[in-house]
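Numbers restart at 1 for each chain; the letters A, B, ... are given by sequence-line order, proteins then strands.
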Amino acid sequence: MSANATTSATKTSRTRAKKPRVIKASQHILEVVSDSGEGAQKCGQSFGLISAKMGNGVWTVEIIPAEIQPPVRTPGSASGVRIRLGEDKITNWGDETNLVIAFNEQVLLSRHRLDALADNATILIESAWETHEDPSVRQAWTTAMEELSTKSYRFINVPMEEQTLTITDNPRRGKNMFALGVLSWIYKRDMDKVRAQITDQFVKKGDEVVKANIDLVELGETWASKNIEFRIDVKPTAPEQEMVVMNGNQATAMGAIASGMELCSMYPITPATSVSHSLGDIFETFGGIVHQAEDEIAAIGVAIGASFAGNVAFTVTSGPGMALKTEFIGLAVMTETPLVIVDVQRGGPSTGLPTKVEQADLLAAIFGQPGDVPHVVMAPSTIEDCFHAVITARRIAETFRCVVMVLTDANLATGVQPFVRPALDTRWHAAPLNLEPVGDNASPYDWNNDTGLSQRFIPGQPGGMFTATGLAHDKNSKVDYSPDNNEKTMAMRSRKIAVLQSTLKPPTVHGEDDGDILVVGWGSTKGAIEEAVDRANETGLRASSLHLTFLSPLEPGLKGIFSRFKKVMTVEINYSDRVGDPYITDESRRRGQLSWLLRASTLADVDCWTRVPGQPLRPGAILDAIVKNIPIGATHD
Amino acid sequence: MSANATTSATKTSRTRAKKPRVIKASQHILEVVSDSGEGAQKCGQSFGLISAKMGNGVWTVEIIPAEIQPPVRTPGSASGVRIRLGEDKITNWGDETNLVIAFNEQVLLSRHRLDALADNATILIESAWETHEDPSVRQAWTTAMEELSTKSYRFINVPMEEQTLTITDNPRRGKNMFALGVLSWIYKRDMDKVRAQITDQFVKKGDEVVKANIDLVELGETWASKNIEFRIDVKPTAPEQEMVVMNGNQATAMGAIASGMELCSMYPITPATSVSHSLGDIFETFGGIVHQAEDEIAAIGVAIGASFAGNVAFTVTSGPGMALKTEFIGLAVMTETPLVIVDVQRGGPSTGLPTKVEQADLLAAIFGQPGDVPHVVMAPSTIEDCFHAVITARRIAETFRCVVMVLTDANLATGVQPFVRPALDTRWHAAPLNLEPVGDNASPYDWNNDTGLSQRFIPGQPGGMFTATGLAHDKNSKVDYSPDNNEKTMAMRSRKIAVLQSTLKPPTVHGEDDGDILVVGWGSTKGAIEEAVDRANETGLRASSLHLTFLSPLEPGLKGIFSRFKKVMTVEINYSDRVGDPYITDESRRRGQLSWLLRASTLADVDCWTRVPGQPLRPGAILDAIVKNIPIGATHD
Amino acid sequence: MTDCSLLTCGVEDERTFEMDDYADAMPRWCPGCGDHAVLTAVERVLEKEQLRPEQTVFVSGIGCSSRFPHYLDTYGFHGLHGRALPLATGVKLSRPDLNVFVVMGDGDCTSIGAGHWLHALRYNMRMVVLMLDNEVYGLTKKQTSPTTPLGFPTNTQPRGSYLPPLNPISVMLGMTNASFIAQTADWVPAHLFETIEAAFHHDGFAFIRVLQRCPVFSANIFERAVKSPDLTELLVDDQGINVTNLGGLYKNLLRHDPSDLDRARWLAEPSDKIRLGLFYQNQAHPKYEETRKVKHHTPAEKIALLNTELDRYAV
Amino acid sequence: MTDCSLLTCGVEDERTFEMDDYADAMPRWCPGCGDHAVLTAVERVLEKEQLRPEQTVFVSGIGCSSRFPHYLDTYGFHGLHGRALPLATGVKLSRPDLNVFVVMGDGDCTSIGAGHWLHALRYNMRMVVLMLDNEVYGLTKKQTSPTTPLGFPTNTQPRGSYLPPLNPISVMLGMTNASFIAQTADWVPAHLFETIEAAFHHDGFAFIRVLQRCPVFSANIFERAVKSPDLTELLVDDQGINVTNLGGLYKNLLRHDPSDLDRARWLAEPSDKIRLGLFYQNQAHPKYEETRKVKHHTPAEKIALLNTELDRYAV
Ligand SMILES: Cc1ncc(C[n+]2csc(CCOP(=O)(O)OP(=O)(O)O)c2C)c(N)n1
Ligand SMILES: Cc1ncc(C[n+]2csc(CCOP(=O)(O)OP(=O)(O)O)c2C)c(N)n1
Ligand code: SF4
Ligand code: SF4
Ligand SMILES: [Mg+2]
Ligand SMILES: [Mg+2]
């Protein structure tokens with residue numbers, strides 16, 4: 001964009017707008033981005049919540065700077081929220097952004113460089129920098145505009161600082177609310193809902209703060225109504241059911257409470273920690289405890305101890321913490337102590353990309369423990385799922401006396417989405433401790449030979465005294481290294497998982513039941529994959545998709561489903577070598593983790609298309625992958 | 001065996017033998033078993049070493065009681081050594097035992113109950129218990145003999161205590177040497193070599209001890225020559241090459257020295273610890289250090305620190321320790337710090353069967369680390385291999401700046417076998433530290449785009465200063481979370497392993513290159529599998545086998561090899577569900593770990609036959625499995 | 001620990017227990033192993049206190065000493081090497097009504113478990129913690145432990161250990177919230193018994209270091225002390241552990257007020273005497289299971305509460 | 001640490017270094033973060049000692065503070081949370097010629113890293129160890145740390161932390177082999193500098209706890225101390241750290257002989273004053289890198305030795 005264009009935009013913004021043009025859209029993606037510390041996150045989150053409460057479909061994703069304290073006015077400083085707004089349910093973050101409100105041109109650059117913005121995106125930008133007294137700032141502006149001009153963005157200058165200074169002293173703390181006002185006007189938000197949201201948010205800080213913020217929002221609204229010549233109408237649909245809106249970590253926390261858990265034993269780690277923050281505030285009210293242990297090993301140890309003592313407990317962590325829990329996972333499986341572990345996956349390997357999304361803990365979750373350690377691994381694929389997965393996990397853990405891992409990820413953790421308000425059920429809760437004496441001659445591991453299931457004794461139960469041990473043991477928990485006992489007990493621990501498998505339903509194909517390509521996914525990519533498939537279908541491609549919740553054991557019927565498609569391909573956010581790269585052959589190729597699993601299990605030639613951008617996948621990119629991978633000669637009907 | 005038969009055996013042993021019958025055998029399995037503490041292990045180990053030194057093929061396996069201090073005269077107390085002796089090279093522990101010398105009938109019972117003894121085994125047994133003054137001992141004897149009579153063992157009573165008391169006060173400490181004398185006579189051992197071995201063993205304790213032990217051995221020899229009416233002749237073959245004889249952990253330790261490593265950083269854990277014991281004695285002489293860290297996490301951390309500082313270090317552990325090292329493995333891979341990890345696998349899961357063999361860490365070794373962590377996993381399959389594997393591992397670790405895991409197991413660790421004395425080579429050693437300044441503009445990760453390889457900087461090198469980090473980073477090791485950088489660096493770390501794969505040779509098939517069944521194995525089962533295949537071939541079955549050393553990356557050409565066999569089946573010492581068991585379907589079946597890997601990689605329908613007895617597999621049992629699994633209608637030619 | 005819990009309160013229990021009622025499998029330690037004496041002393045305490053076996057949990061790590069729970073007919077958790085304390089913390093946190101005992105080895109507690117050890121002292125939950133200190137790794141057959149004497153040869157350090165031994169007592173005396181720190185020896189059974197008794201009655205985290213003979217791997221370490229009672233000094237005090245009647249064998253009595261932290265530290269420093277007794281006691285520290293006490297609710301109550309909570313997220 | 005090593009001995013080095021030569025990337029800590037001051041003080045020490053950047057290694061864990069090595073143009077290893085000390089041990093053990101500095105956060109060092117912390121004190125290897133103690137988890141955005149004051153609210157313990165803070169100084173004073181234990185504060189730069197200088201010259205493991213402001217998450221914790229120098233007591237001694245000239249601001253000087261362990265322990269107990277200075281020093285303990293010193297050999301020599309060794313296994 002040339003300096004010229006900027007100027008003209010500026011002009012526009014300074015003249016009173018005529019009756020604004022209303023653009024109707026079934027969905028629209030906007031983002032608010034500022035220097036870290038300027039509050040774009042608060043602004044965007046509020047906008048998302050307000051929209052959800054109005055009945056729009058919403059999916060928000062946080063924009064997080066890499067550094068603790070990046071220098072201001074640099075691309076590295078970009079912080080904010082990206083909101084996809086829809087008339088109906090929104091299941092993923094979508095493709096490029098349509099509208100941005102940026103607090104300076106440098107943070108905008110960062111979004112531009114990430115290819116985050118649509119070619120024709122509308123950009124509302126703080127105009128103060130263009131005419132800043134410091135020539136180096138002006139220079140930076142010009143250079144940035146030059147770089148931005150490679151795309152045909154439409155710029156609208158917004159005098160955020162100038163305007164906010166009319167009612168506050170510190171624009172750094174006021175711009176975000178002003179921006180909220182601007183956006184509220186553009187997207188025709190219900191101003192009562194806006195005011196209510198702000199009140200809710202600042203009520204703890206006192207009336208004055210509430211009022212100051214409302215004033216800023218109204219200032220923004222007024223300014224926009226006079227200066228912006230278009231409005232965007234993404235019509236909210238009054239939901240048929242009661243809805244709640246929260247992010248995935250909040251949903252996980254609420255699910256834990258709903259399941260009746262009473263102990264969350266954890267050690268802080270991004271992006272898992274906020275599950276415990278959500279609980280920290282309220283868990284005690286429910287008779288629950290958040291125990292922050294001295295490390296991840298102690299955290300799981302405490303959970304296992306509590307569970308041994310009759311309480312189903314859970315621990316929540318991310319990759320590096322999962323690594324540390326490995327040994328204790330083996331002990332829980334060996335002693336058949338029920339346990340739920342939530343792994344909020346982040347980018348790896350090692351410390352990796354702590355705040356970014358990846359789905360690369362799958363194989364480690366399933367196979368990571370030395371020795372033979374049968375257990376359950378499941379992955380919610382929506383924020384709503386996060387709530388229900390914990391409840392399911394707890395029930396499985398107790399019924400099967402086993403370990404259940406729930407793999408969410410940074411995308412679900414921080415993404416915000418409305419979903420149907422769950423109808424709580426007392427049956428989700430653990431049965432109260434039963435300390436009745438055990439029957440005569442009962443054993444702590446009276447495995448049913450067919451199912452491997454056994455009854456659990458709890459300290460306090462007269463007659464049930466036994467010593468749980470990680471050593472090979474017989475049904476009375478006595479150490480036993482004999483070959484027969486080892487063969488048998490290994491079988492019992494494995495059998496339980498086969499029994500669980502026998503109760504699972506085959507997954508439903510999204511789209512036609514046969515076709516040219518089947519995309520298989522797991523976890524947070526569901527919405528994006530299904531949208532891509534739908535769009536592929538619209539263009540006449542015979543694509544379908546399948547999304548798995550249970551990864552270990554795998555859901556039944558996969559082989560049959562796969563056989564009805566010409567090509568099967570997983571789409572995952574983890575690493576795979578690309579065909580055609582140097583030294584990469586069919587033999588040496590590292591493959592996506594789910595594809596690996598499915599190949600071994602079904603012997604179908606499951607290909608994969610995976611990326612590790614540290615970001616959710618775009619439906620558009622998945623669509624491209626479908627188009628490129630659809631077998632040549634596939635029918636377009 | 002009835003009381004009658006016992007008595008007659010006793011009679012035999014009391015009358016002077018006529019000229020003994022000499023039984024020629026190409027191989028023979030004997031064992032010495034006593035209460036823990038009575039020295040059967042020393043006796044058996046000496047017998048094995050003497051035999052190896054004479055030129056016999058030898059494979060010894062330790063018999064270890066489960067408890068620290070089991071009560072004497074109970075089956076749980078059985079402690080000793082099992083020796084398979086051969087005219088030629090012996091590659092595995094064989095099938096049932098042919099001859100036992102047992103210090104009491106209870107430890108014998110334990111062997112009997114484990115089905116360790118051939119139906120017609122010869123049993124030399126201490127006769128004192130039959131006529132013991134304590135009636136409960138006599139009763140125990142009678143009951144035991146009753147139980148033992150279900151097989152047609154041939155008993156020979158040996159008055160061990162009576163005899164040893166003629167020259168020592170404490171028979172508990174003398175019987176083992178007496179037994180060595182008896183065995184030496186029966187197996188026609190070279191008595192000079194026997195005396196030399198004893199001298200070697202006791203020389204530190206002084207001449208008197210040496211003499212006392214030699215006297216006991218000679219007493220045993222004399223007694224046997226007068227009372228035993230047969231001798232067993234397993235002819236030693238003078239080896240063509242110089243040989244050494246040691247167990248796998250000693251071989252690992254020697255290999256580490258031969259590779260030029262200078263730091264073994266470890267924490268004790270069975271069955272890995274004795275690697276460090278072997279080094280503890282001598283490593284300092286070589287300029288090496290055994291650092292016993294405070295735990296397994298610190299152990300690997302110290303090794304990584306040392307390696308970062310220019311020293312290639314290694315750590316050695318077993319399953320539970322591997323679990324604890326998981327997080328640091330990710331860091332080493334991410335920072336591309338060379339590292340060798342030896343995992344001496346034991347029975348699992350969890351604490352499991354600490355002293356017993358299992359091959360169940362394979363998938364955890366390959367996939368156990370959260371995130372995408374490309375590295376190398378290899379498995380020596382003989383004791384000789386243990387020596388060479390460490391050398392290979394070190395070279396790969398340095399050349400590829402990567403982590404190499406070497407998986408041995410309890411069978412290799414404690415088994416003793418002679419092998420060709422290695423011709424040491426200075427090229428195996430690390431190059432001396434080169435602290436020359438780095439070139440201008442050189443980067444600590446100047447990845448070659450094709451190979452992913454880069455040059456390593458070491459503290460002390462002027463100009464090379466960089467900060468290694470587990471966070472995503474660019475070629476200068478600066479933190480970089482951008483999508484492009486992440487995609488690229490992930491590819492670079494993966495590419496290196498593909499390059500290594502491209503240098504590997506396809507494995508050689510043992511037996512015919514095509515046929516009805518191909519047995520695939522890895523690690524310590526090689527000898528038993530190949531013997532089983534040879535025996536299958538002798539009976540006309542078209543079986544072959546393939547043994548893999550590299551598990552990650554896999555050796556090339558597998559798909560092609562598999563396609564030439566009607567059935568492919570792995571044989572492993574780890575758990576798999578058995579077809580036909582309740583709830584076990586093709587979909588729900590847990591499979592052997594290698595078979596899982598091969599299925600995913602080759603899409604061949606690789607079946608598995610696995611067992612977890614906590615013991616090595618017998619070639620006879622593998623042969624049975626081959627017979628049962630050979631496809632119906634397979635040609636017998 | 002004798003508190004009547006929510007769960008069992010009011011249950012009439014007419015049973016009485018004898019020592020044998022607490023014994024399970026026959027202990028499998030070597031003859032002469034100090035662990036036998038500790039087991040006996042513990043069984044005596046259980047009998048004396050008439051603890052209900054089903055209300056009592058022994059948690060251990062991995063090592064010879066950690067086989068302990070297997071030999072008792074109570075509930076037990078034989079866990080992972082170094083990790084007994086986190087497991088015990090979980091048990092006690094979720095079930096304050098249970099009597100919790102922890103048994104660890106010296107490597108278990110002060111080497112691989114060192115971090116948990118420090119933090120368990122901080123939590124100060126009511127439990128009796130026994131560290132059976134044979135100053136060597138027993139189960140894995142003689143490697144150096146943090147408490148191994150300087151110069152003592154082992155299989156990993158055959159030329160003698162390189163570091164002076166870690167002093168568990170002085171470390172704990174530096175920890176915030178330390179509340180009961182005692183030392184005793186397996187070969188002074190009366191003292192051993194009284195110390196465990198006192199620990200059981202302590203209202204908080206009661207740590208006992210038991211000097212423990214391992215005739216197999218560290219036979220000579222305690223030999224002199226066992227043979228010459230004169231090398232031992234008994235800390236006595238009306239507030240502490242008062243076992244003066246040890247057959248007149250132990251003549252060196254030292255009055256020590258267990259609330260005197262400075263003197264406790266001084267007494268804990270290496271000296272030519274082995275000091276047995278209560279070094280330090282302070283019952284004023286809050287217990288974590290109490291500061292974290294929460295009111296429990298029925299599922300129905302929780303649902304009501306959660307519904308209110310969900311209102312905050314309502315659209 | 002200034003020892004001339006085998007490897008670099010005799011190399012003439014004519015270079016001189018200025019503070020800027022040690023600086024790498026622009027630090028990314030928040031404005032007002034105490035870590036900035038520590039970085040500056042460290043750079044001053046590097047300059048004063050003219051340490052060659054390539055002979056110097058900074059090792060850290062994970063946390064705000066652990067970004068430290070990234071901001072210096074020396075070698076660095078930004079490791080894992082809690083694991084800086086094992087990495088540093090490996091570096092120093094294999095390369096005693098290098099100058100090793102370790103930087104950790106309070107959670108890093110005393111929570112997840114507590115076990116390594118104790119054992120690193122035992123090893124007593126020559127290195128300077130800085131714990132930047134903001135008494136909170138910074139990088140993960142405000143959770144309770146072991147050193148968090150009782151009652152201070154965080155995101156995991158919004159009703160205030162449940163435990164009194166762990167006192168790192170008193171814990172270390174209980175550790176065998178502790179050899180240099182000092183405390184300083186980011187807001188007293190002269191004292192900070194002198195303390196690091198003294199640590200650098202200490203012949204062993206020199207541990208410094210730096211009280212460090214985190215204006216974002218624990219702003220009020222040190223506020224009073226920063227504003228009222230009267231609340232601070234400086235430990236001074238000819239053998240210790242003698243920074244009396246702090247612009248006359250810090251008037252409470254306390255003479256303390258750093259070899260006096262008992263008094264050091266007493267001084268380390270919580271009081272109404274913040275005490276800065278050298279609590280304890282003892283250079284008599286052997287250093288592990290020296291007790292473990294081995295003679296290196298050429299590959300050819302090693303082969304000869306190994307051949308002799310193999311003879312023992314010859315058939
Ligand atoms: C994670 C892990 N590391 C190491 C071991 C091996 N191991 C078992 S017991 C033990 C130490 C035993 O010494 P100690 O704790 O002093 O107990 P003791 O046997 O002397 O009673 C070790 C290293 C293990 N089981 N698990
Ligand atoms: C194994 C592991 N657990 C947890 C984390 C998450 N984490 C990163 S820094 C940190 C604590 C930071 O606090 P502190 O050590 O006091 O350093 P500060 O940020 O305050 O300087 C945590 C819990 C991690 N990176 N790795
Ligand atoms: S090895 Fe030592 S500690 Fe272990 S049981 Fe035997 S005597 Fe006791
Ligand atoms: S969060 Fe606190 S400790 Fe971290 S950089 Fe900011 S001020 Fe410093
Ligand atoms: Mg011990
Ligand atoms: Mg901190």
Check: Among residues 236-246 of chain B, which ones touch chain D with a heavy-atom distance under 4.5 Å?
Finding: B:M243, B:V244, B:V245, B:M246
Notebook entry, point to check: Could you name the residues of residues 247-254 of chain B that have a heavy atom within less than 4.5 Å of a heavy atom in chain D?
Noted result: B:Q250, B:M254
Chain D contact via [X] - which portion, at a heavy-atom distance below 4.5 Å:
X      : result
B:D200 : neither
B:I300 : neither
B:I282 : side chain
B:S265 : neither
B:K193 : neither
B:A303 : neither
B:F283 : neither

Margin query: Using 30° and 60° as the class boundaries, would you call the ring planes of D:F101 and D:F58 parallel, tilted or perpendicular?
Written below: parallel
Note to self: Is the ring pair B:H473/B:Y445 parallel, tilted or perpendicular, if the boundaries are 30 and 60 degrees?
What the structure shows: tilted
Side chains of [X] and [Y]: do they bring a donor and an acceptor to under 3.5 Å?
X     : Y     : answer
D:S66 : D:H78 : no
D:D35 : D:S65 : no
D:Y71 : D:E43 : no
D:R67 : D:S60 : no

Top contributor to chain D contacts, counting heavy-atom pairs under 4.5 Å, from [options]:
options                        : answer
B:P418, B:G464, B:G470, B:G310 : B:G464
B:L471, B:I50, B:L263          : B:L471
B:P437, B:A298, B:P444, B:A313 : B:A298
B:A468, B:G301, B:S307         : B:A468
B:I257, B:L49, B:D295, B:L331  : B:L331
B:I458, B:V479, B:D425         : B:I458

Side chain proximity check, [X] to [Y], heavy atoms < 4.5 angstrom:
X      : Y      : value
B:E262 : D:H296 : yes
D:F180 : D:D203 : no
D:L118 : D:V171 : yes
D:E47  : D:Q50  : yes
D:P53  : D:F17  : yes
B:T469 : B:S477 : yes
B:I297 : B:Y267 : no

Check: If you count heavy-atom pairs under 4.5 Å with chain B, which of D:R312, D:H297, D:H116 comes out on top?
Finding: D:H116
Item checked: chain B interface, residue from D:N307, D:T89, D:T298 that has the most non-hydrogen pairs under 4.5 Å -> D:N307
Next item on the list: Check D:A88 against D:V100 and note the closest heavy-atom contact, atom names and distance.
Entry: CB-CG1, 4.1 Å
Identify which part of [X] has an atom lying under 4.5 Å from any heavy atom of chain B, answering side chain, backbone, both or neither.
X      : answer
D:K295 : backbone
D:Y288 : side chain
D:E301 : neither
D:D311 : both

Item checked: Separation between CE of D:M172 and CD1 of D:I181, rounded to the nearest 0.5 Å -> 5.0 Å
Notebook entry, point to check: Would B:F457 and B:V438 count as a side-chain contact (heavy atoms from CB on, under 4.5 Å) if you check the C-alpha gap in whole Å, the side-chain angles of each, and the deciding distance to 0.1 Å?
Noted result: CA-CA 8 Å; B:F457 294 171; B:V438 309; 3.7 Å; yes
Checklist line | Salt-bridge criterion met for B:K478 and B:D480 (N-O under 4.0 Å) | finding: no
Margin query: Looking at B:E336 and B:R456, is any side-chain nitrogen of the basic one under 4.0 Å from a carboxylate oxygen of the acidic one?
Written below: no
Next item on the list: For the pair D:N177 (side chain) and D:R122 (backbone), establish whether a donor and an acceptor sit closer than 3.5 Å, ignoring hydrogens and angles.
Entry: yes
